[in-house]
Number of protein chains: 2
Amino acid sequence: MQTSQRINSFRLFQRVLALGEVGRTEKGGVTRRALTEEDKKGHKLVSRWMKESGMTVRYDNFGNLIGCKEGTEPGLSPVIIGSHIDSVKNGGRFDGIIGVLGGIEIAQVLKEENFTHKRSLEVIAFCEEEGSRFNDGLFGSRGVVGKITQEDLRKTDEKNITRYEALLNFSDEIDPQKIDQSILSVKDVFVYLEMHIEQGPLLEEEDCAVGIVTHIAGPHWMNFTITGEAGHAGTVPMHLRKDPVPAASEIILYIENVCSDPNMKETVGTVGIVEVEPGGSNIIPSKVRFSLDLRDIDLKRREDLYEKVCGKVHEVCEKRQLQWRVDEGMRVPPVSCAPRVTNQLLKSMESLGLPQKTMVSGAGHDAMLLAEIAEMGMVFVRCRKGISHHPDEWADQDDIAKGTNVLLESARVFLNE
Amino acid sequence: MQTSQRINSFRLFQRVLALGEVGRTEKGGVTRRALTEEDKKGHKLVSRWMKESGMTVRYDNFGNLIGCKEGTEPGLSPVIIGSHIDSVKNGGRFDGIIGVLGGIEIAQVLKEENFTHKRSLEVIAFCEEEGSRFNDGLFGSRGVVGKITQEDLRKTDEKNITRYEALLNFSDEIDPQKIDQSILSVKDVFVYLEMHIEQGPLLEEEDCAVGIVTHIAGPHWMNFTITGEAGHAGTVPMHLRKDPVPAASEIILYIENVCSDPNMKETVGTVGIVEVEPGGSNIIPSKVRFSLDLRDIDLKRREDLYEKVCGKVHEVCEKRQLQWRVDEGMRVPPVSCAPRVTNQLLKSMESLGLPQKTMVSGAGHDAMLLAEIAEMGMVFVRCRKGISHHPDEWADQDDIAKGTNVLLESARVFLNE
């Protein structure tokens, strides 16, 4: 280690707050949906800070904003620190932001101390991680690993603007006709690092400022539709009803029960949407639709669970003479962080006197995609009450500083490997 | 009995179908919400048929359309046959209609055979039984029994038109400032009769065309709100969740279970509305609101059931560390039909060779209100699959004829009592 200079936590936090003013909402949240005017203002700020940190700034054709602090051996693949700066509607000021601004802070510290490094350091703000504009997230990171199709470019927002048009209008440097030129491969990335707020309550519960992610759980999304027979709430006796609502209730309790198995601590199942038709106080419903989001770090376990849930739905609907259907959504395999990267991050924690907390990420991140082409590691920063995607989202200046210092120490190592 | 002439079932059914053309919807249903232009067209038709049947026609100040075939002793209180001709949005062609048109048919038969009767026969089409415009049903019948307040008149539709204005604009004869003049009392009604489609599956199930109602179950409406804590579907482990959805599921299953007690055949409980907030696939819900419609012909039993359900909600929410609230809606006591009237209706069935089927009504009807000032009886007509409030609502010409003949035979008796 050439030096032990730490990041400037005040500067970093001021930038986080300053970016939070762009697209600020009434209650102190932020709405900065990808490729909008607010997002452009955010990009201008970030791009200015990148330049202040001694980086050259460019766009790729997926609309990813990339700062580069060149190393002494430009032939070597770079160390990339990334995350995103777009937000959900009325979201928080930290989600994604601290990863990008933390990366810039690291570049700035390295520049200030004249740290020499063989490999280049790149900081990337990925385009539309949240999917709050084109209803389809992780766009920029899916892009660089070659997962974006023409169909993704034709997706439209609520004003019927295509993503293609939005990219074209966002910057002269972006040419969505040439996305193929922006796809990266294994030889283009040495190590990918990402810092993010936890978006969950565990670090707070265990009184840790920072945790190192070992696995990212993969989500499997689906929608169940159960169809029965509508009827008048007063005139159809209980034994003649084909009411899908109690059926859905049985299934929801089953899901909760199997996901709560103490032997499956990393398994979670969430029914976030329940819609009942026709939806009148005095009408026996004809239809219930409910979503299920299943996550696990163990793919086989998650797939088995899916089979069990479908089996239960079948059993309940057969017993109650109802029809059912499942519509599949996202079905993303879990991802493991690279042990070499994780170990380095833990070593950095140790050198900083931080407890070596490891954990899994239940949320998806750009890192999940980058794992397909690079050794990847993630740092989680504690956030208040686990609240995220909400104006109350908050991470302390000191916690963000700790996470960024962990990343800085590890970056020093990787940049000269 | 002066004669055994039967009603003209073809004429009656043609009128039912003709009225179904007014406000007809794409799929053969009908949208004829109270006091609208469609309703006015419907009233014109009905009023014409009343006049063809030898009745004088007038409005009261609640917008009830009243046809009167005068008896020989005008000092005596009249026999009233009533129901409604307004509909829910995209409802059916029979609900309410057959009661009003059946009453007119009876008047017409009595006129054609020169039947002499001491008491007058009145046929009433009550205003807004369905509540599909001002979200508040049984208006006309609540009106005549003195249950309408100034607040009811100030209620607005989706275009912010008040009921007061709507009444004023509907007919020159209606003066909503003088509703007090239209309230009836015990001395104003001798007997109230209503014929209605069953809106349930029992008559079909038991292969009967017609049934005589002995009790009308009273509905108790309420909304439960259960509040927990929102969270990210991936990042909050199962044991740290405060998810109101499985809580609601437990309660819904409990409701189904207690209402299905074989010793409580007339008890029904329906959860028709379930709303989940914020309602995203990947968000643990913070709030669930669900409606409960409890009905029974035994008030004590229904009140006990309500207590039991609240107890269960309390228990479940305590266990799961959730908050809950109940908002009370309608709480109408059950109503018994007058045994004297019911017995007469059964006698008429016998004389017509129909099986003397009795049953309870799970749905509310204008008759429920009229029971407060008159001896009341109801005739139910079988409807296909129990479907109602839907374009597929259907009752056979022959079944409607049977119900109307039962009413005709009884009316002959009551009109000279």
Side-chain angles (χ1 to χ4, degrees), chain A residues 198-202 205 217 219 221 223 229-240 243 245-246 248-253 255-256 259-260 265-276 278-285 288 291-293 295 329 361-364 386-390, chain B residues 198-202 205 217 219 221 223 230-240 243 245-246 248-253 255-256 259-260 265-276 278-285 288 291-293 295 329 361-364 385-390:
Chain A
E198 180 199 348
Q199 303 184 280
L202 273 177
E205 170 119 326
W221 283 12
N223 284 303
E229 241 174 62
H232 188 296
T235 60
V236 187
M238 298 305 285
H239 73 282
L240 292 180
D243 182 348
V245 168
S249 300
E250 275 196 63
I251 296 158
I252 289 168
L253 286 173
I255 291 167
E256 185 190 42
C259 292
S260 300
K265 257 191 296 196
E266 299 90 356
T267 312
V268 285
T270 306
V271 174
I273 300 174
V274 181
E275 286 166 352
V276 169
S281 305
N282 61 346
I283 306 174
I284 301 163
V288 180
S291 63
L292 174 58
D293 175 322
R295 303 195 187 209
S361 169
I387 293 167
S388 183
H389 286 187
H390 189 277
Chain B
E198 181 198 348
Q199 302 184 283
L202 273 178
E205 170 120 323
W221 283 12
N223 284 302
H232 189 295
T235 60
V236 186
M238 298 304 286
H239 72 281
L240 292 180
D243 183 347
V245 168
S249 300
E250 276 195 62
I251 296 157
I252 289 167
L253 286 173
I255 292 166
E256 185 191 41
C259 291
S260 299
K265 257 190 297 192
E266 298 90 357
T267 312
V268 285
T270 306
V271 174
I273 299 173
V274 182
E275 286 166 350
V276 169
S281 306
N282 61 345
I283 307 173
I284 300 163
V288 181
S291 64
L292 175 57
D293 175 322
R295 302 193 186 208
S361 170
K385 289 186 182 168
I387 295 168
S388 183
H389 287 190
H390 189 280

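We name chains A, B, ... by the order of the sequence lines, and we start the count at 1 in each one.
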Non-hydrogen atoms of B/M238 and A/S260 that approach each other most closely: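 Taking B/M238 first and A/S260 second, the nearest heavy atoms are CB-OG, 3.8 Å.
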To check you understand the geometry: which heavy-atom pair defines the closest contact between A/S249 and B/L253, and what is its length?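 What the structure gives for the nearest pair is CB-CG, 3.8 Å.
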Most contacts with chain A, counted as non-hydrogen pairs under 4.5 angstrom, among [options]:
options                        : result
B/V236, B/V274, B/T270, B/V271 : B/T270
B/S388, B/G386, B/G234, B/P278 : B/G234
B/N223, B/V245, B/L292         : B/V245

Given heavy-atom pairs under 4.5 angstrom as the criterion, report whether the side chain, backbone, both or neither of [X] touches chain B.
X      : result
A/S281 : both
A/P219 : neither
A/S291 : side chain
A/I283 : backbone
A/A217 : neither

Got a second to check how far B/I252's CD1 is from A/I252's CD1, nearest 0.5 Å?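 The CD1 atom of A/I252 is 7.5 Å from CD1 of B/I252, to the nearest 0.5 Å.
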Between B/L202 and chain A, which part of the residue has a heavy atom less than 4.5 Å away: side chain, backbone, both or neither?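 The side chain, not the backbone.
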Contact origin within B/E250 toward chain A - heavy atom pairs under 4.5 Å: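 Both parts, backbone and side chain.
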Picking from [options], which has the most non-hydrogen pairs under 4.5 angstrom with chain B?
options                        : answer
A/A248, A/G364, A/G231, A/P285 : A/P285
A/I255, A/L240, A/I284         : A/L240
A/G272, A/G279, A/S361, A/G200 : A/G272

Heavy-atom distance under 4.5 Å between the side chains of A/V268 and B/H232, does that happen here?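 Counting from C-beta outward, A/V268 and B/H232 never come under 4.5 Å.
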Donor-acceptor contact below 3.5 Å, side chain B/T235 vs main chain A/Q199: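 Flag set: sc B/T235 to bb A/Q199 pair under 3.5 Å.
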